[in-house]
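Right, one structure below, let's go through it.
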Number of protein chains: 2
Amino acid sequence: MTKMGPARRRGLSTEVADEIREAIFDGRYAPGEALRETELSEALEVSRGPVREALQKLEREGLVHTEWHRGATVTALSLQDVAELDSLRGALEVLAVRRVVDQATDADLSLIEKTAAAMDRADTPHEMVRCDIAFHDAVYAAANHSRLQQAWEAIRSQVHLFLITRVGVSTDGYLEQIREEHRDLVAALRLGNVDGALKLFAEHRRHAFDVLTKG
Amino acid sequence: MTKMGPARRRGLSTEVADEIREAIFDGRYAPGEALRETELSEALEVSRGPVREALQKLEREGLVHTEWHRGATVTALSLQDVAELDSLRGALEVLAVRRVVDQATDADLSLIEKTAAAMDRADTPHEMVRCDIAFHDAVYAAANHSRLQQAWEAIRSQVHLFLITRVGVSTDGYLEQIREEHRDLVAALRLGNVDGALKLFAEHRRHAFDVLTKG
DNA sequence: GCATGTAGGAATGTTAACATTGAGACAAGT
DNA sequence: ACTTGTCTCAATGTTAACATTCCTACATGC
């Protein structure tokens, strides 16, 4: 255990980015909609400088798309986009799971377990999506690989967006099924069985992906 | 063949980023050195706005590291950093090679071949590094996967940096050896043998990595 | 009617001035 | 000698005004 963590300031652009990101996840900005700098700067009561930096940050998360002198629009994921997310996520998770099984500490695994347990207290699909993402965050954190984590963060928000759209076609037993899946994932990681864990993670992704292609 | 490509403007920040990137690769800024906004804006004769955006862009490439109110410094790669680059690159290349073998067009393969052939005209190690990077660029481009390409771009400059440092410990037959390796890689992709190609790419990475750990 | 040309306006790109922060130097106290 | 407090100043964070670009609507010509 470290006695203290870093106490760095965050800056306005970071907070602005957080605000906008939440607004998008809440549906206050729909996919394809324009994010005007002037509008945002007035609403958040900051100048356009930090807003521009925030939009750049969101662009590198793939949440918005910007073009020269045309401003930013909320990303609208096509079927091909979702397929790309699925395959890239697969490549990253293989590495992540391998490292977790190989070298994760008991404290790391406990943290992952905690995020899985938090799903029991989620009663809305939106809450569940947050927990799902938090779970994978914990897995990548346990992998102890800063660049891998960075690569995950570059698609994290897009996966979040995708999972939210999936909520629209979710069935009744959906919440409980997700909870069970994650319990299995944790168990596999605890056991240290690489192949088994990889298989379960692959199935987990497949379930998420299939719902969209079939629905 | 497309008759015309997009004709988009680039903006100052993009050009500033290019300038700084080249300066770093040329060694005009050493790893660990500070990149002052005021200094850059005066040297490039632009205001600090575009410089800030450029530095943000370079940060997402991992070429510089910035902290709150402390400015940007050129990334200094530790041994662990290089190990991270190696493993992440491996995960990405597996996906890339699979897709290239599966679905690359003949035109794509020709482009890859061209970059490998360009190595014959490279006589300095620095030139060779450029060609090496260009080769892998072509592979990722042929994979036809925008997010995979983006993930590669997030570590591309760091790999470039790493390969440049390797130049310092290169032996005599180094240039010709690299050329031969890439000829083999192209041949494997042409043949469409996934496992063979994957193995060769893994060896290629291993060669680069070993030189540093042993040297 | 369709294509082309041309203002008008709104949004982004860029700049320069102002505000805030942090690192180093130096002095005083213990 | 080592710590602690203060000061200074240079660099970054933020702001608001200015310049440029693009989209829209309307007019013009065929």
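Values reported hereafter were calculated over all heavy atoms of this structure, with side chains retained and with hydrogens, waters and symmetry mates removed.
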Using atom [atom1] of [X] as one end and atom [atom2] of [N] as the other, report the distance to the nearest whole Å.
X	N	atom1	atom2	answer
A:Glu42	C:dA11	CD	C1'	12 Å
A:Glu53	C:dT12	CD	C1'	16 Å
B:Glu67	C:dA23	CD	C1'	13 Å
B:Arg52	D:dT15	CZ	P	11 Å
A:His69	C:dA10	NE2	C1'	12 Å
B:Arg70	C:dG24	CZ	P	10 Å
B:Leu12	D:dC18	CG	C1'	15 Å
B:Gln56	D:dT12	CD	C1'	13 Å

Task: 5' priority, DNA chain D, between B:Leu35 and A:Val46 [closest heavy atom] - done: B:Leu35
TODO: Find which nucleotide of DNA chain D each of A:Ser47 and B:Thr38 is nearest to by heavy atoms, and output the residue with the more 5' nucleotide.
DONE: B:Thr38
- [ ] Just call it for B:Gly49: base, sugar-phosphate, or nothing, with non-hydrogen atoms closer than 4.0 Å on any strand.
- [x] base
Open item on the list: Please tell me if B:Trp68 has a side-chain N or O lying less than 4.0 Å from either OP1 or OP2 of C:dT20.
Closed with: no
- [ ] Evaluate the side-chain proximity of A:Leu35 to A:Thr66: yes if any heavy-atom separation is below 4.5 Å, no if none is.
- [x] no
- [ ] Using distance alone, with no hydrogens and no angle criterion, decide if B:His182 and B:Asp132 have a side-chain donor and acceptor under 3.5 Å apart.
- [x] yes
Open item on the list: Quiz question: by atom type and distance under 3.5 Å, do the side chains of B:His207 and B:Glu181 form a donor-acceptor pair?
Closed with: yes
- [ ] Answer yes or no: is there an ion pair linking B:Arg21 with B:Glu61, defined by an N-O contact shorter than 4.0 Å?
- [x] yes
